[in-house]
Amino acid sequence: MHGYSRLGRSKGSGGVGGGGSSSFTSSSWSKFVFVVMSAILRRRGLLLFAPLLYISGMLLYMGSLSFDVVLVHKHRHRPPPPGSLYTSPQLFHNLWPFMETDNSTSLNVLMKAWNVKEDRHWKPCANKTLSQIELPKSNGYLIIEANGGLNQQRLSICDAVAVAGLLNATLVIPIFHLNSVWRDSSHFGDIFDENFFIQSLEKHVHVVRELPADILQQFDNNISNIVNLRVKAWSSPAHYLQKVLPHLLEMRAVRIAPFSNRLAQSVPSKIQGLRCFSNFGALRFSEPIRTLAESMVDRMVKHSSQSGGKYVSVHLRFEEDMVAFSCCEYDGGAEEKLEMDIARERSWRGKFRRKHRIIKPGANRVDGRCPLTPLEVGMMLRGMGFDNTTLVYVAAGKIYKEQKYMAPLKQMFPRLQTKDTLATPEELAQFMGHSSRLAALDYTVCLHSEVFVTTQGGNFPHFLMGHRRYMYDGHAKTIKPDKRRLALIFDNPNVRWEVFKQQMEDMLHHSDQKGTEVKKAAGSLYTFPMPDCMCKQVEPKNENANTGKYLKL
């Protein structure tokens, strides 16, 4: 029986590899193969290829079967892999009635969310490795360019302090690059307290606001004439001493731009000490930012009086650029796809249209790379036990389709606040159009919250986690959800409320356990300040004792 008859084809049927209309009968095909094989066998050099060519010919002869099978498989419906689709709205629809009747636990969760051991704490000691001796004469001036958003700039500043200390150089107040994504023209003094920064570091690193006139004249009063040393990312201290220091001594000034992530994570303790002190001790926001941010924190505490002044902050990364960059799909259909294609082209100029680049939204979701929607964040928090009386602060830029996507989060947490509701338009006016200054307001309110929720990676949550560890005895007090696990949970609209709650409570417990992580070899002290910036302290058993004992690290 021929291969096509097994597919149910009738004689004379058309299509690829059809039956009765084939150009070769069985006998004529055999004669053709015989002639070809005879010609090949006459040439000994091709003798080894004879079996392969024969098999190929037979496969072509039977091609109608194989090709049709492929077509059948291609059109067979296969269900999408678990967790690959955005089905959270269906889940919310089914769980909402149970959420409404389960509003009795937020006080307990806010007051007892973290299970930190009371007999062992980490305490700040950022300057433990810094000497207090008079600084030697400077070897020259170091000029760096900080790029990116608020906390990428912060990283560059702290690393620059460390490099200046390593080279015994005078650091010029960093220049801020105008980033094409952040589009913020702010200078150092607009975001950070410049005087405080210089005074705090005066015993550790030379810092000046600008190059002295005689040095600038040496380069025709044009800073761009100063040699720009292209330093590779994560360069070691040895590289700076061997490659940068000679240029510094020769020319009295060097420039490194860009400077983001230009110093290795693992460096000698003295250099780490400079990083710690500059981040936690020398850098504070400018006076206008501090004044409004402190007022906003006070208002959050006042509004949350029924929970002891404790509130939840959420860093929500659901801006249009973030959704576009993630290449994830939600429930906006063709309109959403068009908007995301336009956003990707506007910000990344063909990066997502390169040859061989394949966008796989479902795979991204299963892999936990999709930004959580406001709806998903709300369901997660309600499942963890934060009820509708919980005061929630949302730190975010302009949310994609805000009216649509924020509605369910406000439904679950009607007391929700943002900087736009917590501060007046007049108070915010001086910061509008400056994303880094607005981010500094969000940063401060999140820093002082009882619970901080991070929904996507980036420097903002990484710096906040580290800063909160530094403030809260080594514990981050941060919910960092497992988004791969969430994708599977949210993809089951029929899950029972009790089961959903247990899964969310397990995730909260896991965040509690991970809160006191110590920095690993390749980790960042900006996220994990122990043990480089903090000392472990054993609290005495006697409750009347006032002092603890630091353990030598």
Side-chain angles (χ1 to χ4, degrees), residues 149-151 153-154 176 178-194 284-306 309-323 339 343 346-347 371 373-375 377-378 388-449 452-453 455 458 460-461 464:
L150 172 68
N151 289 287
Q153 291 169 337
R154 190 183 193 108
F176 285 0
L178 182 59
N179 186 276
S180 59
V181 175
W182 294 97
R183 304 180 186 93
D184 189 341
S185 59
S186 299
H187 300 291
F188 185 100
D190 297 321
I191 301 173
F192 299 105
D193 189 329
E194 201 169 277
R284 73 179 187 186
F285 292 127
S286 63
E287 194 274 335
I289 292 175
R290 289 201 318 277
T291 299
L292 179 55
E294 289 169 4
S295 295
M296 292 168 67
V297 171
D298 288 342
R299 292 166 193 172
M300 287 297 296
V301 171
K302 182 178 179 181
H303 292 331
S304 57
S305 57
Q306 67 185 89
K310 301 178 185 296
Y311 59 91
V312 177
S313 64
V314 178
H315 183 222
L316 192 56
R317 294 308 312 273
F318 204 68
E319 303 94 342
E320 184 178 73
D321 282 348
M322 177 55 68
V323 176
E339 290 173 343
R346 180 181 63 243
S347 296
T373 63
L375 167 65
V377 173
N388 64 356
T389 66
T390 306
L391 190 65
V392 175
Y393 179 85
V394 172
K398 182 174 174 54
I399 298 297
Y400 173 59
K401 296 203 173 198
E402 182 174 357
Q403 187 171 0
K404 170 187 175 181
Y405 284 109
M406 286 296 290
L409 179 59
K410 292 177 180 178
Q411 183 179 345
M412 287 181 274
F413 294 99
R415 302 183 66 207
L416 182 145
Q417 299 280 349
T418 67
K419 54 181 167 287
D420 294 313
T421 61
L422 204 57
T424 66
E426 293 75 21
E427 289 174 321
L428 290 173
Q430 59 181 315
F431 306 112
M432 300 308 294
H434 299 284
S435 58
S436 290
R437 300 186 215 180
L438 292 170
L441 297 173
D442 280 338
Y443 186 97
T444 305
V445 180
C446 291
L447 183 64
H448 293 281
S449 64
F452 171 61
V453 183
T455 64
F460 188 97
L464 259 173

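When reading the values below, keep in mind they use all heavy atoms of this one structure, side chains included, and skip hydrogens, waters and symmetry mates. This one's a predicted model, so the numbers in the text were calculated from it and none came from an experiment.
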Say whether, by atom type as modelled, one donor and one acceptor occur between the side chain of S436 and the main chain of G149 under 3.5 angstrom.
-> no
Could you please spell out the steps behind the side-chain contact (heavy atoms from CB on, under 4.5 Å) verdict for L438 and K419?
-> CA-CA 9 Å; L438 292 170; K419 54 181 167 287; 4.0 Å; yes
Would you check if V392 and V453 make a side-chain contact, meaning some heavy-atom pair closer than 4.5 Å?
-> no
Is there a donor-acceptor pair under 3.5 Å between the side chain of E427 and the backbone N or O of T424?
-> yes
Partners of K404 by salt bridge (charged side-chain N to carboxylate O under 4.0 Å, His left out), sequence neighbours excluded?
-> D331
Considering the options T418, D442, T421, which one meets the side-chain hydrogen bond (donor to acceptor under 3.5 Å, both in side chains) requirement together with Y393?
-> D442
Could you tell me which residues satisfy salt bridge (charged side-chain N to carboxylate O under 4.0 Å, His left out) with E287, sequence neighbours excluded, listed by chain and number?
-> none
Could you check L375, V377, T373 and say which one makes a side chain to side chain contact (heavy atoms under 4.5 Å, CB included) with P408?
-> L375
With side chains defined as the heavy atoms from C-beta onward, is the minimum distance between L441 and L422 less than 4.5 Å?
-> no
Is any side-chain heavy atom of T444 less than 4.5 Å from a side-chain heavy atom of R290?
-> no
pair Y400-M322: side-chain heavy atoms closer than 4.5 Å = no
Quick one: closest heavy-atom pair of A439 and F460, and the distance?
-> O-CE1, 3.7 Å
With D184, which of R437, Q153, H434 fulfils side-chain hydrogen bond (donor to acceptor under 3.5 Å, both in side chains)?
-> H434
Heavy-atom side-chain proximity of R299 to Q417 below 4.5 angstrom | no
Measuring from H448:NE2 to M296:CE, what's the distance to the nearest 0.5 Å?
-> 12.0 Å
d(S313 OG, Y443 OH) to nearest 0.5 Å is 11.5 Å
Counting distance only, does the side-chain N/O of K310 pair as donor-acceptor with the main-chain N or O of L391 below 3.5 Å?
-> no
Rounded distance (nearest 0.5 Å) linking atom NE2 of H303 with atom CG of D298 | 10.5 Å
Could you tell me whether the side chain of E319 reaches within less than 4.5 Å of the side chain of R317, counting heavy atoms only?
-> yes
Side-chain contact test, heavy atoms from C-beta onward, threshold under 4.5 Å: evaluate it for L428 versus L292 and give yes or no.
-> yes
Less than 4.5 Å apart, any side-chain heavy atom of T390 and any of R415?
-> no
Would you say Y311's side chain and V445's backbone share a donor-acceptor pair under 3.5 angstrom?
-> yes
